[in-house]
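Working notes, beginning with the structure itself.
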Amino acid sequence: MNYKQQVAQALVAIVDGNLTEEEIIAKIEIPKSSEMGDYAFPAFALAKAFRKAPQMIAKDLVEQIDQSQFESVAAVGPYVNFFLNKSAFSQDIIEQVLSNGSKYGASDVGHEGNVPIDMSSPNIAKPISMGHLRSTVIGNSIANILAKINYNPIKINHLGDWGTQFGKLITAYKLWGSEAEVKADPINKLLEYYVRFHKEAEENPELDVEARAWFKKLEDGDEEAIELWTWFRAESLSAFNKIYDMLGVQFDSFKGEAFYNDKMDEVVTMLKDKNLLKESQGAEIVDLEKYDLNPALIQKTDGATLYITRDLAAAIYRKRTYNFVQSLYVVGNEQANHFKQLKAVLKEMGNDWSDDMHHIPFGLITQGGKKLSTRSGRVILLEEVLNDATDLAKKQIQDKNPDLPNAEQVAKDVGVGAVIFHDLKNERMNNFDFVLEEVVRFEGETGPYVQYSNARAQSIIRKAGDVTISESNNELSDPAAWDTIKLLGDFPKIIKRAAKEYEPSVVAKYAIHLSRAFNKYYANSKILVDDDQKLARLALVQSVSVVLTESLSLLGVNAPKEM
RNA sequence: GACUUGGUAGCUCAGCUGGAUAGAGCAUCCGCCUUCUAAGCGGACGGUCGUGAGUUCGAAUCUCACCCAAGUCACCA
């Protein structure tokens, strides 16, 4: 960054006032390959002013420029290519990494502002699927990234713990369930009752009547209904927590839909007071025509409230409770319209802070090209995927490194890491078709590849034995190490971009690039040879490990020191 | 039909605010473990960047139109 400015300052002195420093900075680009230089200035922009061919301009600029602070400056076609001083740059970057450690790349963009993040949000009595995985790991990673630039993320698991399905569930349980069964295997049993209910209700509509009655009881605070609901919720939650533990994700709040039950009347009243509610086809709506949106349906014909009413109450509650600077919703793209409506209604109510609410959408996971759905039986259970991945990692360890200490834990780190990384490495919006062999792959652009690179770095440091790696005197001029060093320098910029775009894949891609550069480096250059740059090389290896570990940590992936 | 996403190598995807011969991984084929873990490294093969116009010195990138796929479109969440 300072370096780019250096380049711009050197240029601004010799362009005869035709371009400002800012304009030059905007034009400066980074060549595709470092063989072409570290920064490049295309001379096209000066062609008109100088009335000369860009190639000539580039040549002239190189002759006039003060080259003292660069390794070299060269004209290649219409470009002026700048090569940084490798020794000084490597010393600078390595010092920054080693002195800051895991805090390298941190900044104070957020000023500790609160950012509630609505994420994961599974439904009680249903298993956590691959779809929830996306919301969970994307939300978790965004939280980590925002914390890194000093926001205060608040991870909210907006549980689906209310609704007519509980009437069905209670009915089913009373008919076919048993306490012992549920205790033994809560999610699967509850799901089984639920599925059976749907099947039998097709032939026996009486069941639906019964279910509605039970839900009514629940709403009215009937003791037995509440007791069952509380129990189902607790059982489900403890099953969910098992999976969250595997993923290494913690939440700051589990306030779900039920929590907002007594907060919706206020919303409806507010809407009425502001004359926003209109009657339409027997239901109460908010007209959003001026936003080019469909009307928001606030109250059904039977007076019951809907999803959006609950989300309005939740949004208002979050503003009051956290006074957020941003409020995020990590929810699938298929709900894009809903969030537009939600923000529009809040805006209509006079809440300008609705501009600080952002829907963070993500693409669909399909199987065999088809949408997953609980009802059709196309479910991929996250727990099974994580277990399969861990088992495969275990096999891999037996194969490659049978004497590895702590093999169980490493297998978990690698297996689960592979699954999480696979989900985060591509842009959120991409859809992907679930193929187990793809998700738990350990080679190529994968989590384990990054973990392996870090483990190798750690291994080298171990082998170095009793040496003291210092923050200073790390002037590496070796061209073989150059790409790695430059990538280390990019890390702070990468984090800011990931935060701005709410895009963990930026960090994941970076981790792959750094791993690749480092693997290439140590595969061809021996680190542990006794010469005057040995300590500097070790400092670089240590820096790589610090940044890889931190990158993985931002993604929510562990970085074992040995694997 | 309207709106939202997306359409880059056989497959999965990168490509930052338009710029130098369009890059990875997987798959296929070949080479490298007597030297820091081969979960690695190197090489080969492979692309009219959906199509057609336009803006520009210059377009995968910006504008418009069209084609294709997925998703959404008031009483589920």
Side-chain angles (χ1 to χ4, degrees), chain A residues 26-27 29-33 36 40 42 44-45 47-48 53-54 76-79 81 121 123 158 160 162-165 257 280-285 292-302 304-308 310-311 331-338 340-341 361-364 366 369 371 393 396-397 399-401 404 414 418 422 425-427 429-433 435 437-438 441-453 455-464 493-494 497 501 505-506 509 512-513 515-516 519-529 541 562-563:
Chain A
K27 293 269 177 220
E29 47 192 274
I30 295 165
K32 286 174 197 147
S33 150
M36 293 191 270
F44 304 104
K48 268 189 196 137
V76 179
Y79 290 87
N81 291 342
S121 312
N123 294 317
H158 191 75
W162 201 254
T164 47
Q165 73 264 28
E257 292 171 3
S280 167
Q281 298 170 31
E284 296 288 331
I285 62 154
D292 248 349
L293 292 168
N294 293 328
L297 191 60
I298 302 294
Q299 231 169 21
K300 299 202 275 187
T301 330
D302 64 5
T305 54
L306 284 124
Y307 179 40
I308 195 161
R310 217 171 286 273
D311 268 7
V331 180
N333 188 42
E334 64 271 21
Q335 292 192 40
N337 203 47
H338 164 74
K340 278 188 192 157
Q341 289 185 321
F362 53 82
L364 219 55
T366 54
K371 198 179 170 181
Q396 187 88 196
I397 290 169
D399 215 37
K400 309 252 179 195
N401 199 354
L404 181 70
V414 172
H422 175 268
K425 79 172 173 185
N426 290 324
E427 279 179 44
M429 283 305 297
N430 293 354
N431 295 345
F432 76 82
D433 200 60
V435 180
E437 300 78 61
E438 281 293 322
R441 174 158 271 148
F442 298 146
E443 292 158 15
E445 297 177 326
T446 64
Y449 174 80
V450 177
Q451 289 172 319
Y452 178 77
S453 308
R456 291 295 302 270
Q458 284 297 325
S459 165
I460 293 171
I461 291 164
R462 271 197 306 277
K463 287 257 158 61
K493 197 170 69 190
I494 290 291
R497 190 180 145 209
E501 297 174 9
S505 69
V506 169
K509 285 259 154 55
I512 287 171
H513 293 153
S515 297
R516 187 150 53 218
N519 282 331
K520 201 175 201 166
Y521 170 56
Y522 79 73
N524 299 300
S525 309
K526 185 93 177 150
I527 308 296
L528 297 176
V529 284
V541 173
E562 205 178 339
M563 65 187 269

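All of these numbers come straight from a predicted model, not from anything done at the bench. Reminder, nothing fancy here: chain letters follow the sequence lines and each chain counts from 1.
With hydrogens and angles left out, the side chain of N430(A) and the base of A70(B) share no donor-acceptor pair within 3.5 Å. With hydrogens and angles ignored, no donor-acceptor pair under 3.5 angstrom links the side chain of S459(A) to the base of C36(B).
In terms of the side-chain hydrogen bond (donor to acceptor under 3.5 Å, both in side chains) criterion, Q165(A) has no residue partners (sequence neighbours excluded). Evaluation of the side chain to side chain contact (heavy atoms under 4.5 Å, CB included) rule for M429(A) yields N333(A), P361(A) as partners, not counting sequence neighbours. Annotation: side-chain hydrogen bond (donor to acceptor under 3.5 Å, both in side chains) contacts of H338(A) (sequence neighbours excluded): D311(A). Looking at residues two or more places apart in sequence or on another chain, you find a side chain to side chain contact (heavy atoms under 4.5 Å, CB included) between F44(A) and P42(A), P54(A), P78(A), Y79(A). Scored by the side-chain hydrogen bond (donor to acceptor under 3.5 Å, both in side chains) test, Y522(A) finds R456(A), N519(A) as partners (sequence neighbours excluded). In terms of the ring pair (Phe, Tyr, Trp, His ring centres under 6.0 Å) criterion, residue partners of F432(A) (sequence neighbours excluded) are, by chain and number, H422(A). Remark: K300(A) pairs with D302(A), A304(A), L306(A) by the side chain to side chain contact (heavy atoms under 4.5 Å, CB included) rule, at least two apart or across chains. Legend: residues meeting side-chain hydrogen bond (donor to acceptor under 3.5 Å, both in side chains) with R497(A), ordered by chain and number and at least two apart, are E501(A). Residues passing the side chain to side chain contact (heavy atoms under 4.5 Å, CB included) test with I285(A), sequence neighbours excluded: K278(A), S280(A), P295(A), L297(A).
Base engagement by Q281(A) is indicated by at least one non-hydrogen atom pair under 4.0 Å involving a base atom. If you check every strand for non-hydrogen atoms under 4.0 Å, L306(A) touches sugar and phosphate atoms only.
Taking the P atoms as reference points, A20(B) lies 15 Å from G58(B), given to the whole Å. Here, G52(B) and A60(B) have their C1' atoms 16 Å apart, quoted to the whole Å. Taking the P atoms as reference points, A14(B) lies 24 Å from U21(B), given to the whole Å. A44(B) and U8(B) have their P atoms separated by 25 Å, given to the nearest Å. Using P as the reference atom, C75(B) and U12(B) are 35 Å apart when rounded to the nearest Å. When the C1' atom is compared between G40(B) and G6(B), the two are found 34 Å apart, to the nearest whole Å.
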Enumerate the protein-to-nucleotides 24-30 of chain B contacts in which both atoms are nitrogen or oxygen and the separation is below 3.5 Å.
residue : atom : partner : partner atom : Å
A24(B)  : O2'  : E445(A) : OE2          : 2.6
A24(B)  : O2'  : R516(A) : NH1          : 2.4
A24(B)  : O2'  : R516(A) : NH2          : 3.1
G25(B)  : O2'  : E445(A) : N            : 3.4
C26(B)  : O2'  : R441(A) : NH1          : 3.4

Grab the N/O contacts between the protein and nucleotides 71-73 of chain B below 3.5 Å, and write none if there aren't any.
residue : atom : partner : partner atom : Å
U72(B)  : OP1  : K371(A) : NZ           : 3.2
C73(B)  : O2'  : N294(A) : ND2          : 2.8

Let's test your reading of the pairing rules: Watson-Crick or G-U wobble, both distances under 3.5 Å, then write RNA chain B as a dot-bracket string with ( ), [ ], | and dots. (((((((..((((.....[...)))).(((((.......))))).....(((((..]....))))))))))))....

